[in-house]
Amino acid sequence: MDFRPDPGLDAFRQEVRHFLKECLPADLRVTPTFSRSKPEAVSRWQKILHARGWGAPYWAAKHGGTGWTMQQILVFDEECVAAGAPTLDGMMHKLLGPLLNAFATSEQKAEHLPAFFKGERLWCQGFSEPGSGSDLASLRTRAELKHDEKGDHYVVNGQKIWTSHGHESDWIFLLVRTDTSARKQAGISFLLVDMTTPGITVRPIRSIDDAHHLNETFFDNVRVPVANRIGEEGAGWAITKFLLNNEHATTADLPMLKHYLRQLHALADTPLMGGGRLRERPEFAVKLARLEAEVNAVGMFVQRVAALEMAHDPQAHPMGSMLKVRATELQQRITEAHVEALGDYGAVAYPHPAEAAAATCGELTLQGLARGLANEMFFRRASTIYGGTSEVQRSIVAKLLFGL
Ligand SMILES: Cc1cc2nc3c(=O)[nH]c(=O)nc-3n(C[C@H](O)[C@H](O)[C@H](O)COP(=O)(O)OP(=O)(O)OC[C@H]3O[C@@H](n4cnc5c(N)ncnc54)[C@H](O)[C@@H]3O)c2cc1C
C-alpha cells in the first residue's frame with residue numbers, strides 16, 4: 001500500500017469544504033457525536049446531499065452512488081464531521097444499502113432506494129435478541145408462512161433488543177427463524193418490515209449517557225408480505241455475514257476519532273485556573289502525543305483494510321476485526337482523556353451538561369467545550385460491544401489470521 005499523501009485529494013477536499021460552506025444550513029450544524037442525528041435533520045441533510053449528486057457517498061456509481069475511492073470517502077466524512085453536519089442514517093448507507101444492492105430484486109430496490117435517496121425512510125436493525133447477541137444464529141423470533149386471500153405472508157412473533165433508533169425509524173431489517181427443524185444457521189431469513197405494521201411495540205432503554213438511543217422491539221402476530229423477504233427463505237444467514245463484515249470495519253469511525261483528537265487539543269490549550277495549560281505538563285503532553293500517533297496509525301489501518309476489501313482479499317475480514325478492536329479501544333481512551341482533562345468539570349458536565357455552561361476556567365469558559373464530553377465517554381463504553389464484541393473479534397483474528 002502507498003501511504004504517501006495524494007495531491008489530487010486536496011482539490012477534492014476543497015470541493016467538499018466549499019459545498020459544506022455553501023449548502024449546510026446553519027440550523028443543521030451540530031457538535032459531532034457518535035449518534036445518528038434527529039430524523040428531521042437526517043432527512044433534510046440527505047435531501048441536500050442527493051440534490052448535489054452525493055446521496056450515496058459510500059456506494060459504487062453503478063448503484064447510484066458517487067463511486068468515490070476510499071480516500072475520497074474518508075475526506076468527505078472527515079470534512080462533514082469537522083463542519084458539524086448531521087450524522088446520516090448509517091444503517092442504510094453502510095449496512096442495509098450495500099446488501100440491497102447485492103441481493104434485492106429490482107422491485108425491492110424500486111420500493112426502497114428512491115425513498116432512501118430522498119431522506120424519506122430511516123432504518124433500524126433488528127438482529128439481537130435477549131440471549132442471542134454474539135451467538136446471533138440462536139435467534140428465536142419466529143416467522144411462519146401463511147396463505148390467505150390477501151396473498152402469501154409471514155406472521156412474525158418474538159422480541160428484539162438494543163434496537164438503535166427503533167423509536168425514530170420508519171422500517172426495520174429483521175432476522176427471523178423460518179425453519180425450526182433445520183441447522184440453526186440454515187433456518188434464518190431476512191425480512192424488511194414497515195415499523196407502522198400493527199403488532200409492533202417499541203419500548204425505550206435509557207443508556208448510561210442518560211439518553212434514549214436504544215429500544216426493545218416486540219412483534220406480536222405481525223404480518224409481513226413474502227415480497228419483503230431478501231433472498232431465498234433460509235438464506236438469511238449467508239446474506240447477514242456479508243452485512244456483519246461491513247459492520248466491523250465501519251465501527252472504526254475514523255472521522256470521529258480525529259474530531260475527538262481536535263477536542264483534546266482544544267482542552268490542552270485551555271488556560272488552567274492556577275496558570276499554564278495542560279499541554280505544558282509533560283505527563284499530559286506525552287499522553288496527547290501517544291493518542292495522536294495512535295489515531296494516525298488507525299487511519300493507516302483503515303486504508304489498509306479498505307485496500308484489502310477492494311482487492312477481495314480474504315484477509316480483509318480478520319483485519320477488519322483487528323481494526324474494530326483497536327479503533328474502539330482508542331475511542332474509549334480518547335474520550336476518557338477528555339474527561340480527565342476536564343478535572344472536576346468533567347463531573348459537572350454529567351448528567352446535566354447544560355449546567356457546565358456556568359463553569360469558567362481562567363480566561364476561557366468551558367461552556368461548549370465541556371458539554372457532552374462525559375456523556376460521549378460513557379456511551380463509548382458500548383463501542384467494544386456493538387458491531388461484535390472485542391472478545392469475538394479477537395477469536396476471529398486468532399482463527400482466520402493465525403489458524404488457532
Ligand atoms: C449501544 C448498542 C447499540 C446496539 N445496537 C443494535 C442494533 O441497532 N441492532 C441490533 O440488532 N443489535 C444492536 N446491539 C446489540 C449488539 O450487537 C450486541 O450487544 C452484541 O452483539 C453482543 O451481544 P450481547 O449483548 O447479547 O452479549 P453476549 O453475546 O451475551 O456477550 C456477553 C459477554 O460474553 C462474551 N462472549 C460471548 N460469546 C463469546 C465467545 N464465543 N467467545 C468469547 N467471549 C464471548 C462477550 O464478548 C461479552 O463480553 C447494540 C448493542 C449496544 C451496546
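All values derive from a computational prediction rather than experimental measurement.
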message = Show every ring-ring contact (aromatic ring centres under 6.0 Å, His included) that has at least one partner inside residues 137-156, sequence neighbours left out.
response = none

task = Classify the angle between the aromatic ring planes of W123 and W171 as parallel (below 30°), tilted (30 to 60°) or perpendicular (above 60°).
result = tilted

request  = Check the side chains of H18 and E15 for a donor-acceptor pair under 3.5 angstrom, ignoring hydrogens and angles.
outcome  = no

Test ring pair (Phe, Tyr, Trp, His ring centres under 6.0 Å) applied to F103 and F242, step by step = CA-CA 10 Å; F103 299 103; F242 172 90; 5.4 Å; yes

Aromatic contact, H213 with F34 (centres under 6.0 Å) = yes

message = Check this for me, if you would: do D253 and K258 make a salt bridge, where the nitrogen-to-carboxylate-oxygen distance has to be below 4.0 angstrom?
response = no

key: Trace of the ring pair (Phe, Tyr, Trp, His ring centres under 6.0 Å) decision for W68 with F76   = CA-CA 10 Å; W68 285 337; F76 175 76; 5.0 Å; yes

Under the side chain to side chain donor-acceptor pair (under 3.5 Å) test, residues paired with K184 that sit two or more places apart = D135

query = Who pairs with W237 by side chain to side chain contact (heavy atoms under 4.5 Å, CB included), at least two apart in sequence or on another chain?
reply = L136, A137, Q185, I188, K241

query = Which residue pairs pass the side-chain hydrogen bond (donor to acceptor under 3.5 Å, both in side chains) test when at least one of the two sits in residues 53-66, sequence neighbours left out?
reply = Y58-D77

ask   = Is there side-chain contact between V298 and L254, with heavy atoms separated by less than 4.5 Å?
value = yes

query = Any ion pair linking R223 and D148 (charged N to carboxylate O, less than 4.0 Å)?
reply = yes

request  = Decide whether T335 and E376 meet the rule of one side-chain donor and one side-chain acceptor closer than 3.5 Å.
outcome  = no

task = Check whether the side chains of E129 and Q159 place a donor and an acceptor atom closer than 3.5 Å, and report yes or no.
result = no

In residues 394-404, what donor-acceptor pairs under 3.5 Å come from side-chain atoms, sequence neighbours left out?
{"from": "R394", "atom 1": "NH2", "to": "E329", "atom 2": "OE2", "distance (Å)": "2.8"}
{"from": "S395", "atom 1": "OG", "to": "E391", "atom 2": "O", "distance (Å)": "3.2"}

ask   = Among all residues two or more places apart in sequence or in another chain, which pass the side chain to side chain contact (heavy atoms under 4.5 Å, CB included) test with T180?
value = R142, R177

task = State whether a side-chain donor-acceptor pair under 3.5 Å links S207 with D209.
result = yes

Residues which pass side chain to side chain donor-acceptor pair (under 3.5 Å) with Q332, listed by chain and number, not counting sequence neighbours = T384

query = With sequence neighbours left out, what residues match A337 under side chain to side chain contact (heavy atoms under 4.5 Å, CB included)?
reply = L264, K287, L291

note = For E292, the side chain to side chain donor-acceptor pair (under 3.5 Å) test, sequence neighbours excluded, returns H265

inquiry  = Any non-hydrogen side-chain atom of T141 less than 4.5 Å from a side-chain atom of L175?
reply    = no

key: Aromatic centroids of F173 and F127 separated by under 6.0 Å   = yes

task = Could you list the residues that satisfy side chain to side chain contact (heavy atoms under 4.5 Å, CB included) with R17, not counting sequence neighbours?
result = R13, Q14, E79

inquiry  = Which residues pass the salt bridge (Lys or Arg N to Asp or Glu O under 4.0 Å) test with R381, not counting sequence neighbours?
reply    = E336

inquiry  = Quiz question: by atom type and distance under 3.5 Å, do the side chains of R279 and T270 form a donor-acceptor pair?
reply    = no

task = Inspect the contact between R36 and E168 and indicate whether a charged nitrogen and a carboxylate oxygen are less than 4.0 angstrom apart.
result = no

ask   = Listed by chain and number, what are the side chain to side chain donor-acceptor pair (under 3.5 Å) partners of T178, not counting sequence neighbours?
value = S189

task = Starting at CZ of R229, measure out to CG of L145 and round the result to the nearest 0.5 Å.
result = 8.0 Å

task = May I ask you to check whether N157 and N221 show a side-chain donor-acceptor distance below 3.5 Å?
result = yes

inquiry  = Check whether N228 reaches the backbone of L192 with its side chain - one donor and one acceptor, N or O, closer than 3.5 Å.
reply    = yes

task = Look at K146 together with D152 and state whether they make a salt bridge at an N to O cut-off of under 4.0 Å.
result = no

